[in-house]
A.B. asks: 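I am attaching a structure below and will ask some questions about it afterwards.
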Amino acid sequence: MSTVQNEFFKKPKKGAVLHAEGGIHKAILDFLRKSLEKKCFDALFIPVKVHDTDSYVWVLLKDKSLLNEANPLPPVISVQGGRALSTLTKHGEMNLQIAAIMRPCEIRAVIELFKLKQVSLNNITLISIDCPGAMPLSDYISNPKEMAKRFNNLFETWEENESLRPICIICHRFSLSSLLPSISRQSASVELEGIDSPASDIHIGLVGGNGEKIFLMPVSSKGEEILEKLEIATEDSLEDWEIKEKELRDKKENKRKKILQELKAKIEGPKKFVAVFDQCINCHNCMRVCPICYCRQCYFDSKTLRLSPEVYLTRAKERKSLRFPLDTLLFHLGRMSHMVLSCVSCGVCEDACPMNIPIAQVFCIVADQVQKSFGYVPGRDRREPPPLRFFQEDEFQEVEMQYKKTISREETQNA
Amino acid sequence: MSKKIGVYICECGPNIRDRINIDEILENLSSIEDIKVVKKYPLLCSNEGKKFLADEIKNEELTHLVIAACSPKEHEITFMNVCEKAGLNPYLFQLVNIREQCAWIISNKEEATRMATKYIRAGINRVLLHKPLQKKELECNPNVLIIGGGIAGIEASLSLASPERKVYLVEKTSVLGGKVRKLSGLLPHQGMDLTFLQKKIKEVENNENIVVLTSSEVENVRGFFGNFEIVIKSNRNDLEQKEIKVGAIIVATGFSLFDPKETPQYGYGTIENVVNALEFEEMIASDKILLKNGKPPKTVALIHCVGRKEKGYCSKVCCLYSLKFAQFLKDKLSDVNVFEFYSDLCLPHKSDQDYFEEVKKKGVNFIKANEIQIKKSNSNINIEYKTITEKKGSLSVDMVVLSPAIIPAENTEKLAKILNIPLDETGFFKEIHEKLDPVSTPIEGIYIAGCASGPKNILESVIQSQAACGKILSCLIPGKKLEPEVRVSEIVEEFCTGCQTCLSVCFYSAISFDEFKGVSVVNEAICRGCGNCVGSCPSGAIRLKHFTYPQLYREVLEALR
Amino acid sequence: MNKEYNPKIIGFLCNWCAYTGADLAGVSRLNVPSSLKAVRVMCSGRVNPLFVLKAFLGGADGVIIMGCHPGDCHYQKGNYYARRRFVLLQKVFETLGLDFERLALSWVSASEGPRFARVTTEFSEKIKKLGPNPAKEEIFL
Amino acid sequence: MPKVLKIKKGVEEGINDFLKFLLESGKVKGIFTLKKTNENGAVSYSLITHLDELKKAVPLFPLMPVNAGKVLSAFTLLEATKDTVAAVLRPCEIRSFIELVKRFQGSMENFLLISLTCGGVFPLKSAVNGEVKKLLPIYWESIKKGNISSNIRPTCQTCEHFIPYQADMTIAIVEKKNTDKECNIFLNTDKGENFAKEAPGDIVFEEMDTNEITELKNKRKTQKKKLYEELGIEKLEFKTLIKIFSACLSCHACSHACPICYCTLCDFESKIFEYKPSSYNMELNQKGGIRVPPGTLFFHIGRMVHMGVSCVGCGMCSDVCPVNIPVSMIFSMVGDSLQKMFEYLPGKDIEESIPFGTFKTEEFAEIGE
């Protein structure tokens, strides 16, 4: 089956370049405030700092004064935006127009959940931002001020920085390109009429702005309407951003190849793989924070897996000893098989792991392979169905066992 | 199908009309979606009102009904019946109380109107979450088990037995008649004749609808009102067991006598010629009032209240039968001296006072005394006592008759466990209410009669067994089906973790544990719908129909608006 | 505290005693604070502590559970459990420094209309003194 | 005077000998105990059935990868084990197992419960970077001195229930100075005695050194006060609560690591507590903003209400919290006051019924009057 095409369509050629004297955060917030005042939206969905703490939480806000503590791009991903938006909308939309501003990986999670009917986007406008990455949650918690400082420096240089989360260092989907449908959508089952189905409606480019300007660009027709309503002319050239974005992406993709190779070597083969997870305590945090793991009750937590003491003892006797809690590896591999096609490599699982298992990186390696072979990029396209929802008759024949001939030979012999 | 709610506000004559601005409410409500009609009506509980409602339900094709009127205590049932007749499930209806708890308590009209609106909104939002509940009908078994073949049990058997109602009369001794059979006779002023008991026992034995099981005891009881399954064990041999099915149970296990040996100061069992009341009754019955040495007694002391202090209650009947004894002695034996040692006289019935005077006239001495000590003194018995005026006295007699307290029959505790009904602090069976509901127990279909619930005389015992029968005859009608409560608890199996907390908090043992599935199970026929199990379940695995979490929480939310 | 402030109080009333008592208060035209919003439950034992907690965090200024006097429970013993669960929640509140005075439990029999009026009025006054529940404004709950 | 099995070896070696004896003699079919999983000091509970594997056993290793009470419950959830199994648990782990058994989530039948006078354990994190290996010597030093070892989990530093309640055997550690010379195993029950028969070492009669214990108890009491102040939880209030739980991700890791939270599906994760659009609307209109996911405080307080009376303060919740909320300290604080009120010590006595399943008519009489 053909591999993913890297061309994208409908990438906006023009947009609005806003100057950010007070820093990019202020610029973005001003834009959002304006959109509230102009009644483009009734409410915003955005991370807000909890008063006199350093913690960021998702807040759905109407009251503009709350924007003062808001941060469209906080140093950490606390709750994954996809998970947050699904808790907000999974039981149907409110009678409100809501704008949600998120990192690309969060937007892509939203789209995956949308396909899985865990998010309703009817009244939601998705705004994506160029993402310089995020700081490891535990580092931030133990030293918020310092980590915040390091994070904010990133906006000028966009040089990758060792204090970033490993998964962010190798992230090549930090910008709009990962949020646009590819021309050859690998779906036989959906008709392509009016293929205006990018992941986000409006994108905010930061790369190439050196922290002095932001690039505001409509992506979907909905986005266009909103910018019009806001009387924001989208006539400026986006070249600076485009060039820098491409440059950065290529750089990151190379880096990614290199690092993943090394990583692969570290985990390949059953022994090594087991070693990676041998510290797992089965707390299932990774699954609980994962935006794609939306099940109320995870199969691997259900009591259906319980066996009688005798069985355990015999199992123990066979291998001289039996580790408890049981089936840690089964859990990780099982979870992988459930969600890896939709894994957006947001890294929250790694952040949440009390044993610092590089789980996001491991999943990233696998996701890369699997998603490639299906030509699927999770969350780039609202209409692209999850690969396991459809099939093509002529695909993957290479995996079929070639037994016909051998049998026929035997048959001839018998004859 | 889309929801069509009808909201009707009752003016309740002037009661609501004058104190709440109904039109304003109608105004506010009309905007709410799902609402088909909002109307007011002068008096909904009137016949015209009920007809009006029925027509509305039909004509407007209402799927849900909200009535804002008086307290559900007043007319919930009334309106539920209207719904049923009009073909709307009565549980898709909510009665909002804007009279007692709104109009009548808030003097300021605006305030009251605001409040009423809130309540009605809550009602509307709640009714949207209601589920139609189906009435259940249970076949019921009209037969009755009566435990105890004393006078109470016999009386009950006779009043209940009929061609369509079998009665099982279980008696642990080998004969019917209980304690009464041991008596020499009734109280003289009530007509001595005891043959009525023999007559009744005959009747019982001849009644083909009464199955008498003597020398038997109840071993196990399963089930609930209308459908009890009983295991009866013969106490002649353990292997002999019998399974019967009944719809109701009467506990008429009677009483035992306090053992005077527990109060050694009376010398019972250690001193010759100190006897207890029942022994003396037998003497009278056999007409042999004699001392151990075969001579008739010259001086007899009758001692009341033996064990009253220990037990803490008055046994009610002793005073009168002691008077009876005194009269007997006086009548049968010439020149006998009789002394009654009492601490308080209990003469409850109207004719008792005269009887007391009459006995007194016969020259019986009454001594109000306490701290009685009975000692052996050579050939005689010496009684030392203290009068209420703290005067020490002593008296030498040759016979002493003790009136021991009436105490619960043995095995009362065991039976209480088997039946799952409570005992009171004195150890007798506990009535739901001593005065207002004296023969019912917390378990529907199980009733108490006679001394099982405390000391009573024959009259009271008979009255009680007739009362118990009344209860049964009125609700356990042959051929009629039972309608158990439908607003009961149900287990959501996938959430149940099997910790069995609910079992421990249910007083009706309506919940059992399914070992195979590993989850709790509610027996809807027994459950009364109190919801205590729901309050106790940490897993949120129990749902109380019609009072579910979402329904109640909806009300709370509306209140916080 | 300005006079205007009329607290929001949730009352969980058991069907057999408290609710009837409340009705009686109405029948005898007693003054009951309009701050109280009654929610009828079959038995005080039905009131799961989470109800009360949810109401409190939902911004209720006060929550009061009312049931039959001990020993008079229509369902025998439900109110004893209600009491246990109540003290449990109250203790949690106390330990966490939340004003547990916003929670109350009171026994009112079917015949105690005046008592119902008195208890609710007193509670309402107490809540007024405490002022609005901080949870009302808090968005970071 | 209690019987003691005295083995003339360092306590760690001694206990391994004893376990070896149990397995060899066939007195038990398997042994639940901590086992090294890798070289940087990660350990995990294992059911060991073979002597080779027993060599890797580290029963006294000061880490709690998971609360073993939960493990034993999982092991015996369907039915009791028919073969006898020995389990080496810390006091709080036994207590949680007992609490679970009370709730029919497991069975104690055919278990030989071996416990120790507990010196506390290190935070799980310290196993990640192999830090724990450096800490070990310090740990045993301070235990010998009868001090609270620095760097152990705050919960452990403040734990006063370090003497096991229902163990058949108790390995004396905190109150014995000469742990590196001898291993003393107190035989608390007849069962314990039977299993100790023919064991290496000799049976003697000895009292546990109570002064040492009370001393340590007091030290931990004072430490508790200190830590409460440091964490600012000794005097909580609404605002501080918001602050403490501000970082919460509502990942509910705490409840899933908690041995007492045994529900198949947590009430707070069930559909019933999920906000519907109407609820969001209402709260948004009232406050102008609403945190998503909502109900953080509701979850935590609600959980306290559910399991507070049975909280054994094992500290797992804090260990697994990705944002370092002192969950365990707060919960055990609440737990303490609840347990005092109900005069209930979780896991002390299997016969004692859970406060929710019972009541006394005369209790709390002042309330409601």
Side-chain angles (χ1 to χ4, degrees), chain A residues 43 45 48 50 52-53 55 57-63 65-66 78-79 83-84 87-88 90-96 137-138 141-142 275 278-279 281-285 288-289 296-297 301-303 306-310 312-313 316-317 320-326 351-356, chain D residues 29-30 32 35 37-38 42 44-50 52-53 65-66 71 74-83 85 124-125 127-128 242-243 246-247 249-253 256-257 264-265 269-271 274-277 280-281 284-285 288-294 319-320 322-324:
Chain A
F45 196 52
V48 175
V50 179
D52 45 41
T53 73
S55 335
V57 300
W58 283 99
V59 170
L60 178 67
L61 62 87
K62 257 183 170 176
D63 172 356
S65 67
L66 285 167
S78 50
V79 173
R83 191 171 143 239
T87 34
L88 184 67
K90 91 162 105 181
H91 288 292
E93 60 278 348
M94 295 179 264
N95 45 11
L96 294 171
L137 197 50
S138 47
I141 299 272
S142 43
D278 68 0
Q279 296 205 334
I281 60 164
N282 234 36
C283 66
H284 294 190
N285 272 17
R288 288 208 171 72
V289 293
R296 276 193 194 86
Q297 160 99 63
D301 285 340
S302 65
K303 291 204 156 60
R306 294 262 182 275
L307 299 168
S308 78
E310 271 121 315
Y312 292 134
L313 267 162
K317 289 200 187 86
K320 298 183 173 182
S321 91
L322 181 63
R323 182 188 172 178
F324 279 78
L326 291 148
D351 266 344
C353 177
M355 303 308 284
N356 293 12
Chain D
K29 288 275 172 299
F32 259 106
K35 198 185 106 192
T37 38
N38 66 19
S44 63
Y45 273 101
S46 290
L47 174 56
I48 300 177
T49 54
H50 196 289
D52 309 352
E53 287 294 306
V66 50
V71 171
F75 180 63
T76 58
L77 185 72
L78 295 191
E79 59 189 13
T81 157
K82 298 198 176 48
D83 308 308
V85 172
L124 276 176
K125 281 260 182 291
V128 173
I242 300 286
K243 234 174 124 171
S246 63
L249 308 176
S250 16
C251 65
H252 295 188
H256 289 270
T264 326
L265 177 64
E269 287 163 22
S270 68
K271 210 168 179 171
E274 286 171 4
Y275 270 45
K276 312 286 175 294
Y280 279 119
N281 267 326
L284 186 61
N285 295 335
I290 171 172
R291 175 183 188 167
V292 181
D319 256 6
V320 296
V323 288
N324 303 353

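A note on names: the letters A, B, ... follow the listed sequences, proteins ahead of strands, and every chain is numbered from 1. Worth knowing before you read on, the calculation uses all heavy atoms, side chains too, and leaves out hydrogens, waters and symmetry mates.
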A.B. asks: The test is side-chain contact (heavy atoms from CB on, under 4.5 Å); show your working for His284(A) and His256(D) and say whether it passes.
C.D. replies: CA-CA 8 Å; His284(A) 294 190; His256(D) 289 270; over 6 Å; no

A.B. asks: Identify the two heavy atoms, one from Ser246(D) and one from Ser55(A), that lie closest to each other, and give their separation to 0.1 Å.
C.D. replies: OG-OG, 2.7 Å

A.B. asks: Between atom CG of Leu313(A) and atom CZ of Phe75(D), what is the distance when rounded to the nearest 0.5 Å?
C.D. replies: 4.5 Å

A.B. asks: Counting heavy-atom pairs under 4.5 Å to chain D, which of Ser65(A), Ala43(A), Cys353(A), Gly92(A) comes out on top?
C.D. replies: Gly92(A)

A.B. asks: Count the heavy-atom pairs under 4.5 Å between each of Ser270(D), Gly30(D), Ala247(D) and chain A, then report the option with the highest count.
C.D. replies: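 Highest number of heavy-atom pairs under 4.5 Å: Ala247(D).
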
A.B. asks: Quick one: what part of Asn95(A) sits under 4.5 Å from any heavy atom of chain D, side chain, backbone, both or neither?
C.D. replies: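 The answer is both parts of Asn95(A).
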
A.B. asks: Taking every non-hydrogen pair under 4.5 Å, which of Ala74(D), Ser250(D), Ala42(D) racks up the most with chain A?
C.D. replies: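 If we count pairs closer than 4.5 Å to chain A, Ala74(D) comes out on top.
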
A.B. asks: Under 4.5 Å heavy-atom distance to chain A, tell me which part of Val66(D) shows up: side chain, backbone, both or neither.
C.D. replies: side chain

A.B. asks: Measure the spacing between CD of Gln279(A) and OG of Ser44(D) and express it to the nearest 0.5 Å.
C.D. replies: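 One gets 10.5 Å once the value is rounded to the nearest 0.5 Å.
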
A.B. asks: Do Pro354(A) and Lys125(D) touch side chain to side chain, with heavy atoms closer than 4.5 Å?
C.D. replies: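 Heavy-atom side-chain distance check passes, below 4.5 Å.
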
A.B. asks: Taking side chain as everything from C-beta outward and backbone as N, CA, C, O, which of these in Leu66(A) sits under 4.5 Å from a heavy atom of chain D? Side chain, backbone, both or neither.
C.D. replies: side chain

A.B. asks: Relative to chain A, which of Ile290(D), Val320(D), Thr37(D) shows the most heavy atom pairs under 4.5 Å?
C.D. replies: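 The candidate making the most pairs under 4.5 Å is Ile290(D).
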
A.B. asks: If I take atom CG from residue Leu78(D) and atom CD from residue Glu310(A), how far apart are they, to the nearest 0.5 angstrom?
C.D. replies: 10.5 Å

A.B. asks: Quick one: pull up OG1 in Thr49(D) and OH in Tyr312(A) and give me the separation to the nearest 0.5 Å.
C.D. replies: 15.5 Å

A.B. asks: So which part of Leu322(A) gets closer than 4.5 Å to some heavy atom of chain D, the side chain, the backbone, both or neither?
C.D. replies: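 Both the backbone and the side chain of Leu322(A) come within 4.5 Å of chain D.
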
A.B. asks: Val50(A) versus chain D, heavy atoms under 4.5 Å apart: side chain, backbone, both or neither?
C.D. replies: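 Interface part for Val50(A): side chain.
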
A.B. asks: Please look at Asn281(D) and chain A and tell me whether the side chain, the backbone, both or neither of the residue comes under 4.5 angstrom of a heavy atom of that chain.
C.D. replies: both

A.B. asks: Hey, which of Ile48(D), Leu249(D), Thr81(D) has the most heavy atom pairs under 4.5 Å with chain A?
C.D. replies: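 Most heavy-atom pairs under 4.5 Å with chain A: Leu249(D).
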
A.B. asks: Is Lys243(D) close to chain A through its backbone or its side chain, or both, or neither, when contacts mean heavy atoms under 4.5 Å?
C.D. replies: both

A.B. asks: Taking Arg296(A), Lys317(A), Glu93(A) one by one, which has the highest count of heavy-atom pairs under 4.5 Å against chain D?
C.D. replies: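 Top option by heavy-atom pairs under 4.5 Å: Arg296(A).
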
A.B. asks: Taking Ser78(A), Ser138(A), Cys283(A) one by one, which has the highest count of heavy-atom pairs under 4.5 Å against chain D?
C.D. replies: Ser78(A)

A.B. asks: Heavy atoms only, distances under 4.5 angstrom: which of Val71(D), Asn324(D), Val323(D) has the most pairs with chain A? Name it, please.
C.D. replies: Val323(D)

A.B. asks: Using 0.5 Å steps for rounding, measure from the CD atom of Glu274(D) to the NE2 atom of His91(A).
C.D. replies: 3.5 Å

A.B. asks: Tell me if a side-chain donor or acceptor on Ser321(A) pairs with a main-chain N or O of Leu47(D) at a distance below 3.5 Å.
C.D. replies: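 No, Ser321(A) side chain to Leu47(D) backbone: no donor-acceptor pair under 3.5 Å.
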
A.B. asks: Between Asp319(D), Leu124(D), Asn285(D), which residue shows the highest count of heavy-atom pairs closer than 4.5 Å to chain A?
C.D. replies: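 That would be Leu124(D).
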
A.B. asks: Do you know which of Asn285(A), Val289(A), Leu88(A) has the most heavy-atom pairs under 4.5 Å to chain D?
C.D. replies: Leu88(A)

A.B. asks: Does the side chain of Pro309(A) reach to within under 4.5 Å of the side chain of Glu79(D), using non-hydrogen atoms?
C.D. replies: yes

A.B. asks: Answer with side chain, backbone, both or neither: which region of Lys271(D) has an atom nearer than 4.5 Å to a non-hydrogen atom of chain A?
C.D. replies: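 Contact with chain A involves both backbone and side-chain atoms of Lys271(D).
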
A.B. asks: Sort Thr53(A) into side chain, backbone, both or neither according to what part of it lies under 4.5 angstrom from a heavy atom of chain D.
C.D. replies: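 The side chain, not the backbone.
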
A.B. asks: Can you tell me which portion of Leu326(A) sits under 4.5 Å from chain D's heavy atoms? Options are side chain, backbone, both or neither.
C.D. replies: neither

A.B. asks: Heavy-atom distances under 4.5 Å only: say whether Asp278(A) touches chain D with side chain, backbone, both or neither.
C.D. replies: both

A.B. asks: How long is the gap from NZ on Lys276(D) to NZ on Lys90(A), to the nearest 0.5 Å?
C.D. replies: 9.5 Å

